[in-house]
Structures are given as structure tokens and as C-alpha cells.
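Along the sequence shown, residues are numbered consecutively beginning with 1. Below, each value reflects all heavy atoms present in this structure, side chains not excepted, and no hydrogens, waters or symmetry copies. Read the numbers this way: they start at 1 and go in the same order the structure lists the ligands and their atoms. Since the model is a prediction, treat every value here as computed from it, not as a measurement.
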Amino acid sequence: MRDNRRGKNGEYLLTLAIETSCDETSAAVLKNGREVLSNVISTQIEQHKKFGGVVPEVASRKHVENVDMVIQDALDEAGVSLRQIDHIGVTYGPGLVGALLVGVSTAKAMAYALNIPLIGVNHIEGHIYANFIEDPTLEPPFLCLIVSGGHSHLAYIKDYGRYEIMGKTRDDAVGEAFDKVARAMELGYPGGPIIDQLAKQGDPNAIHFPRVYLENDSYDFSFSGLKSAVLNYLNSQRQKGEGIKVEDVAASFQQAVMEVLIHKTLEGAKQKNVDKIVLAGGVAANSALREGLKKKAAALGFDVKYPSLQLCTDNAAMIGCAAYYNYLKGNTADLYLNAVPNLKLGQLYEKHR
Ligand code: KG4
Ligand code: ZN
């Protein structure tokens, strides 16, 4: 897709993007959708750590406190003024409703005051688009495994904004399973990166946890059984008074997750006859997933791509990239845009006028 529209600045368009769906307040400025001029992320992890997970009310309050400052920092870092911004993109779902509302209200007020277009962005779509920033030559079609704290999808990306969801989780998202297992071992929050690190020192074959493949031809996932198996193992070891080697539990659990994810992703790629597989979402930061998939995919002739660590987890630059392509397609929102906590991938907002 080629950008042939002129913005306020002449040959290019400047996007301001805002992301507040969970526990990061983030704002970014992008030039022509794929060049990141700034990507400021203010994380609330420290505030939520003591509760072992994100507390929605705390998240909303922190977003309110931080959002203006984060936006100003993003503009300053990019060296642009508000008046130069051509349009504003904002995450409007899925996510925590109170948290989403902070970004949505801010973006609406700014779009109204500046009299510029507003674009509502699906957070999951944003994760996919992080790859367009990472690799400026990447073009659809490709197969995408989207794995985060709230979502696990295997999707065939036919074109910009055109998706076929081949499979999704029937219960826990992958990142959620990592976080819950880490919590059961009192390792801290968020659990994914901690388990990833510990697993490097553990034996992935020490404990046999179940691999859940579901029906033969299904691309769906299920991780709650695996999570329960880990919790049962921990309980029984404690009851027997036997020690728990956290490194081995982490490595064995991670291996059970990755074997299934990698197998289904490769089967999906074969079925769709694509040559590229792309990872997206926070769990795409997992080293076993990155390395394991790359190795197995190379043997079958697939190219594997994934965003850098900062672009894997929540950030506004990925939202800005998705906003830009939506804008080019005419998918702008009106000022009735609302937060949609359970927004689905591929679902467009309802226009009110
Ligand atoms: O995409 P993200 O920042 O937020 C959501 O949209 O959910 O993903 C956060 C999730 C958390 O569950 C976190 O534990 C997981 O991504 N995560 C990881 C790793 N880094 C982050 N999971 C496994 N391995 C990692 N290295
Ligand atoms: Zn996310």
C-alpha cells in the first residue's frame, strides 16, 4: 500500500497515538505510519506488583495522572508540535474499560480541539502492526501468532485490515497462564519474563506436563488444563514435603506451552501456503518461542519475524501504525467512539451518524 496523501507537513502524515488499555500509559508519534519518531511508555508494573496482577481501578487512576505528561513527552521527543499532527489514533478495545476510557476521552478531546480525524484502533491489531514497524519491507499475506496476557490467536493476515482467525484460546490466554503459574510459585509479576529467565537454568524434561492439542484439525488452544496440572504438581510436592525446583517447573511448563504453539503455527502456515510467520504480543518476547519456532520453521522453509522486545509488549507506536493504515482505508471514528472492553479482532466500530 502506498501513501499518496499529503498531510499538513507536505509529503508525509504525522500520527499521534495513545494506548491505555492495561497497565502501560503510552503515546507515540509516527511519520507515514512506519517511522517511529517517539514511543514513550510509562509502565505501572511497580504499582501492581504488590497485588500480583493488574488492579483495574489503580490502572485507570494512574492513566489519568500520567496521560497528559506522556503525550507531551512523545511530542517533545519527536520534535513536533500538536498543530503539526494530522490525525490521532487511540486504542478503544479490548482491555480494561476504565483504563481504555482514559485514552479514548483524551483522544476525542484532542481530535475535537484540533479539528483532525480520530481513529479507533483494536489493541490486538496493534500488536500485529508492531511487525510493520520492525520490518519496513514486511507486507501481507502472512500467518500471525498473537500471544499476550489477554489473547491467544492464530490468524491469517490476508491484507492490511483483513484477517481470518484460524484459532484462539478456549480458556486462559498464554500470558495469563504464565502469570498464574508464576504467582503459584511466588515468583512475582509479570510472570512471563521471570519464567523465561528461570527456564534457561532448568530441565524442560524434568516433569511431564500435558500438551493439549484438542481435536485433530483444530487451531484452537487450551491452557487451563496445563495450568491446573502445574498447580496440582506444586501442591502435591508441598504436601509430600518434597522440594520444588522452580527452574525445572518453569522449563517444563514453558516447553509444554511452546510445543503446542509451535506445532499449531507451523500446521497453519502449511495450510495457508504462506512463506512468512510473524509473532505478536507480549509472549512473543519469549526466548523459547522465538528460537524454537525459528529453528523448526527454517527446516520447513518458512521465514519467521518478530518485533523487538519493546514493540512486543504494550506500546503506542504499534497503535499508531495500525491507525495510519486504518486512516488510509477511511476507517475513521466519530466523537461517539466508546471503549469496547471485549472488542474482537476484525470488528469495526459502529458509526453513529
Ligand atoms: O501484550 P502485553 O504487553 O499485554 C497484553 O495485551 O496482554 O502482554 C503481557 C503478557 C504478560 O502476561 C507477560 O507475562 C507476558 O506477556 N510476557 C511473556 C514474556 N514477556 C512478557 N511471556 C512469556 N515470556 C516472556 N519473555
Ligand atoms: Zn497487549
Side-chain angles (χ1 to χ4, degrees), residues 17-26 28 39 41-45 48-49 52-54 56 59 90-96 99-100 103 121-131 144-153 168-169 172-185 187-200 202 204 221 223 226-227 230 250-251 253-258 260-262 279-293 306-322 341-345:
I18 303 171
E19 153 67 40
T20 64
S21 68
C22 191
D23 58 350
E24 332 277 352
T25 317
S26 182
N39 187 20
I41 304 164
S42 164
T43 182
Q44 308 175 356
I45 285 179
H48 300 288
K49 249 184 188 164
V54 179
V90 63
T91 308
Y92 74 107
L96 303 168
L100 288 164
V121 175
N122 183 312
H123 180 83
I124 310 172
E125 182 169 295
H127 276 301
I128 301 170
Y129 279 63
N131 284 284
C144 189
L145 176 68
I146 308 143
V147 274
S148 72
H151 319 280
S152 306
H153 287 85
K168 57 177 186 250
T169 185
D172 290 358
V174 186
E176 191 182 350
F178 268 85
D179 293 339
K180 286 179 178 168
V181 164
R183 183 159 20 166
M185 291 194 281
L187 297 175
Y189 171 83
I194 303 169
I195 290 190
D196 191 353
Q197 282 310 314
L198 283 172
K200 291 189 174 124
F221 306 109
F223 294 105
L226 168 60
K227 176 197 66 191
V230 178
F253 160 73
Q254 182 170 275
Q255 174 93 340
V257 172
M258 296 314 161
V260 175
L261 284 181
I262 293 172
L279 294 178
V283 184
N286 185 271
S287 56
L289 176 60
R290 286 171 175 242
E291 287 152 26
L293 181 62
Y306 38 72
S308 57
L309 292 182
Q310 196 202 39
L311 288 173
C312 277
T313 42
D314 292 350
N315 68 90
M318 67 184 197
I319 302 303
C321 181
N342 58 355
L343 186 68
K344 306 277 178 291
L345 187 61

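The N/O atoms of Asp314, backbone and side chain alike, include one that comes under 3.5 Å of an N/O atom in ligand 1. Residue Gly281 places no N or O, backbone or side chain, under 3.5 Å from any N or O of ligand 1. For ligand 1, none of its N or O atoms has an N or O atom of Thr313 under 3.5 Å away. The shortest N or O to N or O distance between Gly150 and ligand 1 is below 3.5 Å.
The aromatic rings of His123 and His127 sit perpendicular, their planes meeting at an angle over 60°, well past the 30° parallel limit.
Listed by atom number, the atoms of ligand 1 under 4.0 Å from Gly175 heavy atoms are 12 (O). Proximity to Pro190 (heavy-atom distance under 4.0 Å) selects the following atoms of ligand 1: 14 (O).
Residue Gln197 places no heavy atom under 4.0 Å from ligand 1. For the ligand labelled ligand 1, residue His151 lies outside the 4.0 Å heavy-atom shell.
For a distance bound of 2.8 Å, the N, O or S atoms of His127 include one lying that close to the Zn ion (ligand 2). At a cut-off of 2.8 Å, Cys22 is not counted among the residues with an N, O or S atom near the Zn ion (ligand 2).
For atom 7 (O) of ligand 1, the nearest non-hydrogen atom from the set Ala284, Gly282, Ser287, Gly149 comes from Gly149.
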